[in-house]
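The figures here come from the full heavy-atom set of this structure, side chains too, leaving out hydrogens, waters and symmetry mates. If you're wondering where the values come from, they're calculated on a predicted model, not measured in any experiment.
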Amino acid sequence: MKTNQSNKIQKLLLSTVIGITALVFSNCKKESEIAPVQTVTAASVNFDNEVMAVALTTIPLGDFDLTSALPAGYVKDGSVDYTTYVQAALNKNSNITFPAFPILINDTGLFLRSNSVLTFLTGSQIRLKASSKEVYNILRLSEVSNVTLVNPVVIGDRNTHIGITGEGGVGIGIRGSSNITLINPNVRECWGDGIYIGQARNIINSTNITIKNSYFKRNRRAGISIISVEGLFIDKLYAGYHDGVAPMCGLNFEPNNPACTMKNIQVKDVTTVKNGGQGIQIGLRTMVGQGDRYVDFNFTNIKDTGSKLAFKAVCSPTIGTTGGQIYGTVNVTKAAWNASSSGFPLYYSTNQPNYKLALTTISVIDASGVNLTQPSILALIERCVQGVGSYTFLP
C-alpha cells in the first residue's frame, strides 16, 4: 500500500509541473507587494496574494470520483451540506478526488482514514457551514498514518460564526498521527488555527509530518499551531494577517503538557506578514515537570514583515516547578525581519540555562525603513534578550 501511494504522489507531482508551465505563460499578473516569493516548482504559483493550486484538472487514474457519491441534482455552489455523503465515500475509498467546485461541510467535520490519498482539483474547496461550536475540525486526522492531501483548500467560518467565544475551530486537525503529507494546502478564515498538529488522548504524539507550499490567511489564532511532533518538515509557507485571539501567529509552537515532544523540526522558506502577534513563536514552559526534555529547531530563510514580533522563543516555567530542564538549541539561519510593529523583531527569554538561541545572517529593517547595520542589529538584539539563556550571533 505504501509503495502504491508513493507512486501515485509522484505522478500527481509530475502533472503539477506540466500544468505550472502552462499557467505561468498564460497568467502574467503583477505579484502583490506582500505575496510570498516562491520558485516555480511542483507546487503553487502566487498571483495577487492568492495561492492557486494548479495542474489538477482531471481525476487521476484509479481514483474514486466524489461526485458519484453526491445525491442526484447536486449543487456546485457550496450552498448545500453534503457532509454525510462525503464521509460515506471516505469510509469506503482510499484514493478520492474532490471535484472542481466548493462543497459545504458542517461542524461534525470529515474523518480521514489511514493509507489514503485525497486529491482536490483546481477550484475545489471545503467550506464550513456557519457553526456555534467553540471547537471543531473541518478535516480530522486522528491516530491515522500514511495520509496525503494534494491541493486542499479549506475555508472556515470566521465571517459567519455564530457567537463570539472560543478558539478551537481548526481547518485541518492532525492528532497522534504519522507519515502525513500536505501538498499545497490553503487554509484560511478558521475560528482558531488553520492547522493543528498535536497529541491524541494527550499521550500519542504526531510523527513525520510534511507540509509543502502552504498558504494561511486570517485564521483567528494561528496559521499552524504545533503542540507535539517528532519529525516536522515545512518547506515554503506563507502565513499572514492572523488576528482575533492570542497568540495570533503565523507559526506557533506551544506544547500542552510535559509528555509533548519537539524534535527534528525543520522549517525553511517562510514568509509571515502582519500577524497580530508573532511571525513565529516558540513557548516551551509547559514541557517542564517530568524529567529532562530535549528539543531541536532549525529555521532557514525566514522573513517577516509587519508582525508585532518577527520571532519569539521563550521558556520560563513557573518558579518552583521541578522535574527536569529543557535542553536544546533554536537555530535561525538567514532571517529578514522588517518593520516589526512593536519596534523589536525578537524576544528571547528563559530561565533554562541549556535552552539556547543561535542566530546567523540576520537582517533588520526598522519601522522607519532603515536597513540596520550589523552592529546596530546586535545592539537591538541585546535589548531583546532576558533571563539566563545564552545566544550566539554571527553575521
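Donor-acceptor pairing under 3.5 Å is recorded for the side chains of Y347 and Q386. Between the side chains of N115 and R113, no donor-acceptor pair is found at a separation under 3.5 Å. In summary, the side chains of N205 and S228 do present a donor paired with an acceptor at a separation below 3.5 Å, with no hydrogens or angles considered.
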Check against side-chain contact (heavy atoms from CB on, under 4.5 Å), I234 and L251: CA-CA 11 Å; I234 295 176; L251 284 177; 4.1 Å; yes

Can you list the steps and then say if L357 with L346 is a side-chain contact (heavy atoms from CB on, under 4.5 Å)? CA-CA 11 Å; L357 176 66; L346 169 72; 4.2 Å; yes

Step by step, work out the side-chain contact (heavy atoms from CB on, under 4.5 Å) result for T97 and F64. CA-CA 6 Å; T97 294; F64 177 79; over 6 Å; no

Evaluate side-chain hydrogen bond (donor to acceptor under 3.5 Å, both in side chains) for D304 paired with Q278, printing each intermediate quantity in order. CA-CA 9 Å; D304 181 82; Q278 289 62 250; over 6 Å; no

Chi angles and distances behind the side-chain contact (heavy atoms from CB on, under 4.5 Å) call for R188, N186: CA-CA 7 Å; R188 54 189 190 266; N186 182 329; 2.7 Å; yes

Salt bridge (Lys or Arg N to Asp or Glu O under 4.0 Å) evaluation trace for K133 with D107: CA-CA 7 Å; K133 285 186 178 180; D107 56 22; 3.5 Å; yes

Using the ring-ring contact (aromatic ring centres under 6.0 Å, His included) rule, take Y241 and F216 through it: C-alpha gap first, then chi angles, then the decisive distance, then the call. CA-CA 9 Å; Y241 300 90; F216 305 91; over 10 Å; no

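Within the 4.5 Å cutoff, the side chain of I381 has heavy atoms near those of the I377 side chain. Looking at heavy atoms from C-beta onward, T210 lies out of side-chain contact with I180 at the 4.5 angstrom threshold. Inter-residue side-chain proximity for S94 and V117 is flagged as unmet; no heavy-atom pair is nearer than 4.5 Å. Residues F98 and V86 are in side-chain contact: their nearest non-hydrogen atoms beyond the backbone lie under 4.5 Å apart. You'll find the side chain of Y348 stays beyond 4.5 Å of the side chain of L359, heavy atoms only. Between D235 and I211 the shortest side-chain heavy-atom distance does not fall below 4.5 Å. In this structure, K236 and Y215 have side chains that are not in contact, with every pair of non-hydrogen atoms separated by 4.5 Å or more. Counting heavy atoms from C-beta outward, E230 and T207 have side chains that approach closer than 4.5 Å.
Residues I96 and Y85 fall within the same hydrophobic cluster, defined by Ile, Leu, Val, Met, Phe, Trp and Tyr side chains chained together at heavy-atom separations under 4.5 Å. Under the 4.5 Å side-chain heavy-atom criterion for Ile, Leu, Val, Met, Phe, Trp and Tyr, Y391 and L372 are members of the same hydrophobic cluster. V267 and Y196 fall into different hydrophobic clusters, where Ile, Leu, Val, Met, Phe, Trp and Tyr side chains are chained together by heavy-atom contacts under 4.5 Å. Hydrophobic clustering of Ile, Leu, Val, Met, Phe, Trp and Tyr side chains at less than 4.5 Å, counting indirect connections, keeps I365 apart from I362. Hydrophobic clustering (ILVMFWY, side-chain heavy atoms < 4.5 Å, transitive): V330 and I224 are in one cluster.
Taken to the nearest 0.5 Å, the OG1 atom of T350 stands 11.5 Å off from the CD1 atom of I282. To the nearest 0.5 angstrom, K334 atom NZ is 8.0 Å from D269 atom CG. Rounded to the nearest 0.5 angstrom, L110 CG and I172 CD1 are separated by 11.0 Å. We find the CG-OG1 distance between L237 and T271 to be 8.0 Å, quoted to the nearest 0.5 Å. Rounded to the nearest 0.5 angstrom, D366 CG and N371 CG are separated by 9.0 Å. Rounding to the nearest 0.5 Å places CG of L128 at 7.5 Å from CG of L104.
Under a 3.5 Å cut-off, the side chain of W191 and the backbone N or O of G166 do form a donor-acceptor pair. A donor-acceptor pair under 3.5 Å is absent between the side-chain atoms of N179 and the main chain of S145, judged by distance alone. Panel note: side chain N106, backbone T108; a donor-acceptor pair is recorded below 3.5 Å. In terms of modelled atom types and a separation under 3.5 Å, the side chain of H242 and the main chain of M248 share no donor-acceptor contact. Using a distance-only test at 3.5 Å, with no hydrogens or angles considered, a donor-acceptor pair links the side chain of S124 to the main chain of P99. The closest donor-acceptor contact from the side chain of N137 to the backbone of G171 lies at 3.5 Å or more, if one exists at all. Side chain of S177 to main chain of E143: a donor-acceptor pair is present (N/O by atom type, distance under 3.5 Å, no hydrogens or angles). A donor-acceptor distance shorter than 3.5 angstrom exists from the side chain of N93 to the backbone of A89, with no hydrogens or angles considered. Judged by distance alone, the side chain of D77 and the main-chain N or O of S79 form a donor-acceptor pair under 3.5 Å.
The pair D81-R127 does not count as a salt bridge, with every side-chain nitrogen at least 4.0 angstrom from each carboxylate oxygen.
Between F311 and W337, the ring planes are parallel. Angles under 30° get that label, and only those over 60° would be called perpendicular. Note on ring orientation: taking the six-membered ring where Trp is involved, the planes of F299 and F253 are perpendicular (angle over 60°, cut-offs 30° and 60°).
Screening D157, I162, T165 for a side chain to side chain contact (heavy atoms under 4.5 Å, CB included) involving S132 leaves a single residue, I162. Partner of N298 under the side-chain hydrogen bond (donor to acceptor under 3.5 Å, both in side chains) criterion, out of T329, N331, T333: N331 alone. When the options R220, R158, R218 are evaluated for a side-chain hydrogen bond (donor to acceptor under 3.5 Å, both in side chains) with E189, the one that passes is R218.
I227 and E254 get closest at one heavy-atom pair: CD1-O, 3.2 Å. Of all the heavy atoms in K308 and S342, the pair that sits closest is O-OG, 2.6 Å. Closest approach of S206 to I174, counting heavy atoms only: OG-O, 3.8 Å. The shortest non-hydrogen separation linking V288 to P317 is CG2-CG, 3.4 Å. Contact detail for R221 and N252: the closest heavy-atom pair is NH1-ND2, 3.5 Å. Between I155 and I138, the shortest heavy-atom contact is O-CD1, 4.1 Å.
In this structure, R383 forms no cation-pi arrangement with F344, as its terminal cationic atom is not both closer than 6.0 Å to the ring centre and no more than 45° off the ring axis.
Around the CZ atom of R285, the shell of radius 6.0 Å holds no more than 12 heavy atoms that belong to other residues, nucleotides or ligands.
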